[in-house]
Visitor: 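If you scroll down you'll find the structure; I have some questions about it.
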Number of protein chains: 2
Amino acid sequence: MHTLLSNLKININEKIFLKDPESSDLGKRIIENSILLIDDIGFDAFTFKKLGAKIGSNESSIYRYFESKHKLLIYLTSWYWSWLEYQLVFATNSIADPKEKIEKAITIFTQTATIDSNFTHIDEVVLKRIVINEYSKSYLTKEVDKENKDGYFLIYKRLVTRLHDMILSVDNTYKFPFSLASTVIDGALHQHFLKDHFTTISDLKKSDTPISYFKDLVFKALNISNHE
Amino acid sequence: MHTLLSNLKININEKIFLKDPESSDLGKRIIENSILLIDDIGFDAFTFKKLGAKIGSNESSIYRYFESKHKLLIYLTSWYWSWLEYQLVFATNSIADPKEKIEKAITIFTQTATIDSNFTHIDEVVLKRIVINEYSKSYLTKEVDKENKDGYFLIYKRLVTRLHDMILSVDNTYKFPFSLASTVIDGALHQHFLKDHFTTISDLKKSDTPISYFKDLVFKALNISNHE
DNA sequence: ACAATTATGATAGTATTACTGTTATATTTG
DNA sequence: CAAATATAACAGTAATACTATCATAATTGT
C-alpha cells in the first residue's frame with residue numbers, strides 16, 4: 001500500500017496560489033503551521049503576521065505564496081477534499097456491488113480522520129477539524145459565484161458528483177441524487193460540529209460518529225435493506 | 001413539552017443587546033437597515049460606520065444597541081428562528097395527526113419566506129436570505145461554547161427540539177431524532193444555497209424549494225407512506 | 001415649567017488587520 | 001562565479017472594530 005502511493009501528490013487549482021507551496025520548504029512550513037494555527041486560534045483571528053512569527057518567517061514572504069488568508073483557506077479545504085476523494089476512490093474502486101460501494105462511501109465521509117503518512121507535513125486529523133469549523137466560510141461570501149467560475153470549488157463538487165453517481169447506480173429512479181449526496185457530505189461535517197458544541201440537540205456521544213445515522217438515512221431513502 | 005406562543009412579540013435574549021432595539025425608533029431603523037445592508041454587501045463587508053451612513057445616524061449610537069456586529073448577527077438570526085417558531089407552532093398546533101403535523105412542519109422549514117405584516121420594520125424575505133448566507137458564521141467561532149452557555153442559540157435549539165419531538169411522535173423507535181431534525185432545518189438552508197450558487201450539484205431549479213426532497217427523506221426514514 | 005435624566009450626535013483616538021511596495025540579503029542554478 | 005531567484009526586513013496605507021469624551025437634543029418626573 002505504501003509503495004503504491006509513494007508518488008502521490010494532491011493537485012490543487014493553480015489559480016488558488018501565487019506560488020505552489022509544495023515546491024519549497026517554506027511553502028510546506030506555511031501549510032503545516034497554518035493548519036495548526038487556524039485550529040488553535042480560529043480562522044477569524046488567524047493572520048499571516050502571526051503565522052510568520054510561528055514559523056520564524058516574514059509576513060511578506062507568506063504573501064508570495066497566497067494573496068490572502070481566504071485563498072489559503074480555499075487551498076487547505078481543497079486539499080482536504082482532494083485527499084478524501086483519493087480515500088474514496090481507493091476504497092470503493094474495486095467494489096462491484098453498488099450497495100456495498102455506497103456503504104463504504106458513507107463510512108469514508110462520516111468517519112473521523114486518521115493520519116496519512118504519505119503527507120508528512122499535513123496533519124489530517126487537525127485539518128478535518130478545520131474543515132468542520134471553517135469550510136462554510138470559504139463559500140459563504142459575496143465572491144462565491146466568481147470564485148466558483150474560476151474553479152475554486154471543483155474538487156468538492158466532483159466529490160458530491162461521485163456520491164451522486166453511486167446513489168443513482170443503486171436506484172436510478174431516485175429523484176434527488178445531488179441533494180442526498182450533499183446532505184451526506186456536508187451534513188456529516190455539521191453533525192460532527194453539533195456533537196462537539198450543541199450536545200443537547202445531538203444524538204451522538206463524544207467519540208461517536210454519525211455513520212449509522214447516515215447509513216440508515218441513505219439506505220431507507222434508496223429502499224435498500226440495512227444489514228448491520 | 002413546550003408552552004404555546006402567547007403573543008406576537010418576538011422575544012430575544014437580553015444578553016444579546018445592550019439596549020433593546022424594539023424600544024426606540026433608532027433601534028428599529030438599525031434592525032430594518034442592517035438587514036438590507038448585510039443582504040446588499042454581505043456580513044463580512046458590513047460595518048456599523050456604513051450602517052450609520054445609511055440611516056443618517058452615528059456609528060457610536062449604534063454601538064449603544066449592540067456591542068459588535070457579531071452580536072447584531074446573533075440578534076437577527078435569533079429573530080428569524082423565533083419568527084419561524086411562531087409560524088411552526090401556529091400552523092401545526094391544531095393538527096392532531098402526527099404525520100400531517102410533521103408534513104406541515106417540513107413545509108414551514110423548506111418554503112421560501114413571505115412578508116409578515118405583523119412586523120413592518122423587518123423584511124422576512126431578505127432576512128431569510130441573510131440566514132441562508134450568514135447564519136453559520138454566528139456559531140462557527142472560537143467563542144461558541146461560551147455563547148451557547150449564555151443562551152445565544154436557545155431559540156434555534158428549541159426549534160430543532162420541536163421537530164425532534166414531532167419525529168418521535170411519529171415513530172418513537174427512531175434512533176436519530178435530533179440528527180434528522182437538524183438535517184431538515186440546517187439542510188434546508190444549505191440546499192437553498194446550493195440551488196443559488198452551486199447549480200451543477202443541485203437537483204432544484206431556480207424557483208424550486210427542497211420540500212419534496214425533505215418530505216421524501218423524512219417519510220422514508222420514519223417508514224410512513226408518502227401520498228402526494 | 002424646568003431640572004434632571006436619558007438618548008443621540010460629533011469627534012478623536014487606538015490597536016490591529018490586510019494588505020502593497022521597496023530594498024537588502026541569502027540561496028540556488030546555469 | 002555571475003545571474004537569477006527566494007526570502008527577510010521594514011515602511012507605509014486605508015480600513016476595521018472598536019473606546020472614550022464631550023456636546024446637544026429629546027424625554028420625563030415633580
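These numbers come from the heavy atoms of this one structure, side chains and all, not from hydrogens, waters or symmetry mates. Throughout, a chain's letter reflects where its sequence line sits, starting with A, and its residues are numbered from 1.
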Visitor: For DNA chain C, whose closest nucleotide is more 5', that of B/Arg29 or that of A/His70?
Guide: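 Going by which nucleotide is closer to the 5' end, it is B/Arg29.
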Visitor: Closer than 4.0 angstrom, basic N to acidic O: yes or no for B/Asp44 and B/Lys137?
Guide: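 Looking at B/Lys137 together with B/Asp44, the answer is yes, because their closest N to O distance falls below 4.0 Å.
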Visitor: Any side-chain N or O of A/Ser57 below 4.0 angstrom from OP1/OP2 of D/dA8?
Guide: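 So the side-chain polar atoms of A/Ser57 do come within 4.0 Å of the phosphate oxygens OP1 or OP2 of D/dA8, strictly under.
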Visitor: To the nearest Å, how far apart are B/Glu59 CD and D/dT16 C1'?
Guide: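 Going from CD in B/Glu59 over to C1' in D/dT16 covers 9 Å.
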Visitor: Please determine whether a side-chain nitrogen or oxygen atom of B/Tyr65 lies at a distance below 4.0 Å from atom OP1 or OP2 of C/dT8.
Guide: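 Looking at the OP1 and OP2 atoms of C/dT8, one of them is under 4.0 Å from a side-chain N or O of B/Tyr65.
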Visitor: Could you pull out the closest heavy-atom pair between B/Phe198 and A/Val144, with the gap in Å?
Guide: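 Shortest heavy-atom contact: CE2-CG2, 3.9 Å.
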Visitor: Do B/Ser138 side-chain atoms and B/Ile74 backbone N/O form a donor-acceptor pair below 3.5 Å?
Guide: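 Answer holds: no.
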Visitor: State whether A/Ser61 places a side-chain N or O below 4.0 Å from either non-bridging phosphate oxygen (OP1 or OP2) of D/dA8.
Guide: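 So the side-chain polar atoms of A/Ser61 do come within 4.0 Å of the phosphate oxygens OP1 or OP2 of D/dA8, strictly under.
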Visitor: Using the side chain to side chain donor-acceptor pair (under 3.5 Å) definition, which of the options B/Glu143, B/Glu147, B/Lys71, B/Lys146 pairs with B/Tyr152?
Guide: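 Filter result, single survivor: B/Lys71.
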Visitor: Choosing from D/dT16, C/dT17, D/dC18, which nucleotide comes nearest the side chain of A/Thr47?
Guide: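 Nearest to the side chain of A/Thr47 among the choices is C/dT17.
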Visitor: Whole angstroms only, please: what is the CG-P distance between A/Asp25 and C/dT27?
Guide: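 Those two atoms, CG and P, are 12 Å apart.
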Visitor: Find the distance B/Tyr63:OH to C/dG13:P and express it as a whole number of Å.
Guide: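 Rounded to whole Å, this separation is 18 Å.
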Visitor: Which part of the nucleic acid, if any, lies within contact of B/Ser60, taking any heavy atom under 4.0 Å across all strands shown: a base, the sugar-phosphate backbone alone, or nothing?
Guide: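 Contact class for B/Ser60: base.
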Visitor: Could you tell me whether the phosphate oxygens of C/dT8, OP1 or OP2, come under 4.0 Å of any side-chain nitrogen or oxygen in B/Ser24?
Guide: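 For B/Ser24, the contact criterion (side-chain N or O under 4.0 Å from OP1 or OP2 of C/dT8) is met.
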Visitor: Starting from C1' on C/dG21, measure out to CG on A/Asn58 and report it in whole angstrom.
Guide: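 Nearest whole value for this atom pair: 13 Å.
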Visitor: Is A/Glu67 touching bases, backbone alone, or none of the nucleic acid, heavy atoms closer than 4.0 Å?
Guide: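 Answer is sugar-phosphate: A/Glu67 comes under 4.0 Å of backbone atoms only.
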Visitor: With a 4.0 Å cutoff (strictly under), does any side-chain N or O of B/Lys19 reach OP1 or OP2 of C/dT8?
Guide: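 Result: yes.
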Visitor: Does B/Lys69 make a side-chain N or O approach to OP1 or OP2 of D/dC18 shorter than 4.0 Å?
Guide: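 Negative; the distance criterion is not met.
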Visitor: Side chain of B/Arg64 only, please: which of D/dC22, D/dA9, D/dC18 is the nearest?
Guide: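 Shortest atom-to-atom distance from the side chain points to D/dC22.
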Visitor: Looking only at side-chain N and O atoms, does B/Lys49 come under 4.0 Å of OP1 or OP2 in D/dA15?
Guide: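 For B/Lys49, the contact criterion (side-chain N or O under 4.0 Å from OP1 or OP2 of D/dA15) is not met.
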Visitor: Considering only C/dG9, D/dT19, C/dT17, which nucleotide approaches the side chain of A/Lys50 most closely?
Guide: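 Looking only at side-chain atoms, A/Lys50 lies closest to C/dT17.
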Visitor: CD1 of A/Ile62 versus P of C/dT20: gap in Å, rounded?
Guide: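 The answer, rounded to whole Å, is 14 Å.
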Visitor: Look at all strands and tell whether B/Phe48 reaches a base, only sugar-phosphate, or nothing, counting heavy atoms closer than 4.0 Å.
Guide: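 No contact at all - B/Phe48 keeps every heavy atom at 4.0 Å or more from the nucleic acid.
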Visitor: Run through A/Tyr80, A/Trp79, A/Tyr156, A/Phe43 and flag the one making a ring pair (Phe, Tyr, Trp, His ring centres under 6.0 Å) with A/Tyr135.
Guide: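 Considering A/Tyr80, A/Trp79, A/Tyr156, A/Phe43, a ring pair (Phe, Tyr, Trp, His ring centres under 6.0 Å) with A/Tyr135 is found only for A/Tyr156.
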Visitor: Rounded to the nearest Å, what distance is computed from the CG atom of residue A/Leu18 to the C1' atom of nucleotide C/dG21?
Guide: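 The distance from CG of A/Leu18 to C1' of C/dG21 comes to 15 Å, rounded to the nearest Å.
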Visitor: Between C/dG9 atom P and B/Leu51 atom CG, what is the distance in whole Å?
Guide: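 Roughly 12 Å, once rounded to whole Å.
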Visitor: Under the rule for side-chain hydrogen bond (donor to acceptor under 3.5 Å, both in side chains), what residues qualify as partners of B/Thr107, not counting sequence neighbours?
Guide: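 Partners of B/Thr107 under the side-chain hydrogen bond (donor to acceptor under 3.5 Å, both in side chains) test: none.
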Visitor: Take the protein atom CD of A/Glu143 and the nucleotide atom C1' of C/dA18, then report the distance between them rounded to whole Å.
Guide: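 Result: 14 Å.
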